[in-house]
**Student:** 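Input: one structure, supplied below.
Numbered from 1 within each chain, the chains take letters A, B, ... in sequence-line order. All values derive from a computational prediction rather than experimental measurement.
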Protein chains: 2
Amino acid sequence: MGHEPVTIDELLEQLRGRGQRATTARRAVLEELLAAGEGHLAAEELARRIQTRHPAIHLSTIYRTLDALTDAGIISLARFGDQPATYHLTTDVHHHAVCTACGSTLNLDPAVFEPVRRRLLRDHGFHADPHHLTIAGLCRRCSASG
Amino acid sequence: MGHEPVTIDELLEQLRGRGQRATTARRAVLEELLAAGEGHLAAEELARRIQTRHPAIHLSTIYRTLDALTDAGIISLARFGDQPATYHLTTDVHHHAVCTACGSTLNLDPAVFEPVRRRLLRDHGFHADPHHLTIAGLCRRCSASG
DNA sequence: CTTGATGCAAATGGTTTGCATGTTT
DNA sequence: AAACATGCAAACCATTTGCATCAAG
């Protein structure tokens, strides 16, 4: 479901296909996102992690890298509430349920949304992007304690 | 005339119930959001419209008002892409499909999401908020021209 | 060697906040 | 009168950008 087998080199190759370059910074960003698995990382957190190994890589470079990778469709942006933008590999297809109380997130089986996706297409001609769906609400724990 | 679903005065009464006050600014914000119908308004746009009638109302007051109304559950926040936060009346229940190319939005029948909502509850104990769902994708026009 | 990528610092833009003052209850 | 709300200006913070330098192809 979620993960197809992808290597960093394959992803960097995609970038080269668009006339862009495979640099240390870009490799590092992809490595961290791959290591994060289903997690979502914001630019600052990504920078913090990367800088333990590559102290020279600047935060602004992370931002530019995230832009480039997003434009290439290699990574996807997910926004939770008014927190900073987070990113994950596009190959990691899933949807998000975010608890508005504690901020925890749940990753959902994409199949659940198939009926919705089909209906959007049929009724409105709208092509839903399969990677960007977010539902807000209360997780089990917070709705119990609230 | 049937039963109006909400009046401004009822909404302001809700605020008073929380120990807060019914002021010109708050009334003006609610008036604009009501007038906007299904539209979503950002703080700046809201300020622009309100200031034609109440030039003294400051943008920072709009922000504080939006916070207060959101905390009271009277209005809801919807974020589209990396554009500024937008708000709409909570009573206006609908979901959003947003075109990532042209920014146009589509309001969707909440019934479409019922199966998803039920499944989230049953499988994950997650109580989905019915007002905050956003799907990204390409609208009919942009997917045709793209 | 050519062009894209980076580091740095400075700018941006939406949003928040401290404080003195005005308004609602 | 007591709290809350507001205007204003300044602070904030995530993100972007101009420019000189560096590195990938």
Side-chain angles (χ1 to χ4, degrees), chain A residues 8-9 11-31 40-51 53-72 74-87 103, chain B residues 8-9 11-31 40-51 53-72 74-87 103:
Chain A
I8 306 261
D9 288 319
L11 296 175
L12 289 175
E13 201 49 47
Q14 272 186 58
L15 259 195
R16 283 209 202 80
R18 298 172 52 103
Q20 314 201 95
R21 292 173 184 176
T23 66
T24 314
R26 291 168 178 195
R27 180 175 296 273
V29 166
L30 289 174
E31 282 168 358
H40 309 84
L41 296 181
E44 300 258 15
E45 175 61 18
L46 219 27
R48 204 176 352 268
R49 297 188 185 189
I50 287 174
Q51 285 166 355
R53 288 176 295 137
H54 309 277
I57 293 183
H58 197 275
L59 177 57
S60 71
T61 299
I62 307 281
Y63 277 109
R64 283 192 273 227
T65 295
L66 291 171
D67 270 10
L69 293 172
T70 302
D71 284 353
I74 295 171
I75 66 178
S76 301
L77 183 158
R79 291 205 127 214
F80 299 136
D82 42 11
Q83 284 152 242
T86 65
Y87 298 82
Chain B
I8 306 258
D9 288 318
L11 296 174
L12 290 174
E13 201 50 47
Q14 271 186 60
L15 258 195
R16 286 208 199 82
R18 297 172 53 103
Q20 312 201 96
R21 293 171 183 177
T23 65
T24 314
R26 291 169 178 193
R27 180 176 297 273
V29 166
L30 289 175
E31 283 169 357
H40 309 85
L41 296 182
E44 301 258 14
E45 175 61 16
L46 219 28
R48 204 175 352 267
R49 296 188 186 190
I50 288 173
Q51 285 165 356
R53 288 176 295 136
H54 308 277
I57 293 183
H58 197 275
L59 176 58
S60 71
T61 298
I62 307 282
Y63 277 109
R64 283 192 273 228
T65 295
L66 291 171
D67 270 7
L69 294 172
T70 301
D71 285 352
I74 295 171
I75 65 177
S76 300
L77 184 158
R79 292 206 128 211
F80 300 135
D82 43 10
Q83 284 152 244
T86 65
Y87 299 83

**Student:** Calculate, to the nearest 0.5 Å, the distance between atoms NE2 and OG1 belonging to A:H58 and A:T65 respectively.
**Tutor:** 12.5 Å
**Student:** With heavy-atom distances below 4.5 Å as the criterion, would you say the side chains of A:R27 and A:H54 are in contact?
**Tutor:** no
**Student:** Using a 4.0 Å heavy-atom cut-off, does B:A42 contact any base of the nucleic acid, only the sugar-phosphate backbone, or nothing at all?
**Tutor:** nothing
**Student:** To the nearest Å, how far apart are B:Q83 CD and C:dG13 P?
**Tutor:** 15 Å
**Student:** Determine the minimum heavy-atom distance between B:R21 and B:R26, stating which atoms define it.
**Tutor:** O-NH1, 3.0 Å
**Student:** How many Å lie between CD1 on A:I50 and C1' on C:dT6, as a whole number?
**Tutor:** 14 Å
**Student:** Starting from the 5' end of DNA chain D, give me the residue, B:G19 or B:I57, whose nearest nucleotide shows up first.
**Tutor:** B:G19
**Student:** To the nearest angstrom, how far is A:I62 atom CD1 from C:dA5 atom P?
**Tutor:** 15 Å
**Student:** How many angstroms lie between CG in B:L66 and CD1 in B:I75, if you round to the nearest 0.5 Å?
**Tutor:** 4.5 Å
**Student:** Under 3.5 Å, is there any donor-acceptor pair linking the side chain of A:R18 to the base of C:dG4?
**Tutor:** no
**Student:** Quick one: list whatever passes side chain to side chain contact (heavy atoms under 4.5 Å, CB included) with B:E13, sequence neighbours left out.
**Tutor:** B:R16
**Student:** Answer with base, sugar-phosphate or nothing: what part of the nucleic acid does B:A56 contact at a heavy-atom distance below 4.0 Å?
**Tutor:** sugar-phosphate
**Student:** Please check the phosphate of C:dT15 (OP1 and OP2 only) for any side-chain N or O of B:Y63 closer than 4.0 Å.
**Tutor:** yes
**Student:** Indicate the atoms forming the closest heavy-atom contact of B:A72 with B:Q14, along with that distance.
**Tutor:** O-OE1, 4.2 Å
**Student:** Using whole Å, report how far CD of B:E45 lies from P of C:dG14.
**Tutor:** 12 Å
**Student:** How many angstroms lie between atom CG of B:L59 and atom CG of B:L46, to the nearest 0.5 angstrom?
**Tutor:** 9.5 Å
**Student:** How would you give the extent of chain A contacts on DNA chain D, as first and last nucleotide 5' to 3' within a 4.0 Å heavy-atom cut-off?
**Tutor:** D:dA14 to D:dG25
**Student:** Among A:T23, A:T61, A:I50, A:I74, find the residue that satisfies the side-chain contact (heavy atoms from CB on, under 4.5 Å) test when tested with A:V29.
**Tutor:** A:I50
**Student:** B:Q51: what forms a side chain to side chain donor-acceptor pair (under 3.5 Å) with it, not counting sequence neighbours?
**Tutor:** none
**Student:** For A:D67 and C:dG4, give me the distance from atom CG to atom P, rounded to whole Å.
**Tutor:** 16 Å
**Student:** May I ask you to say what B:R16 touches in the nucleic acid, namely base, sugar-phosphate or nothing, with a heavy-atom cut-off under 4.0 Å?
**Tutor:** sugar-phosphate
**Student:** Atom CZ of B:R64 and atom C1' of C:dT24: how far apart are they, to the nearest Å?
**Tutor:** 16 Å
**Student:** If each of A:T65 and B:E44 is mapped to the nucleotide of DNA chain C with the nearest heavy atom, which maps nearer the 5' terminus, i.e. the 5' end?
**Tutor:** A:T65
**Student:** Enumerate the residues from residues 20-28 of chain B whose closest heavy atom to DNA chain D is under 4.0 Å, giving them by residue number; use none for an empty result.
**Tutor:** B:Q20, B:R21, B:T23, B:A25, B:R26
**Student:** Show the nearest heavy-atom pair for residues A:A28 and A:I57, with the distance to one decimal.
**Tutor:** CB-CD1, 4.4 Å
**Student:** State which residues pass side chain to side chain donor-acceptor pair (under 3.5 Å) with A:E44; sequence neighbours excluded, sorted by chain then number.
**Tutor:** none
**Student:** If the helix axis at each end comes from five base pairs, how far does the helix from C:dC1-D:dG25 to C:dT25-D:dA1 deviate from straight, to 10°?
**Tutor:** 40°
**Student:** Spell out, as yes or no, whether a donor-acceptor pair under 3.5 Å connects the side chain of A:T86 to the backbone of A:A78.
**Tutor:** yes
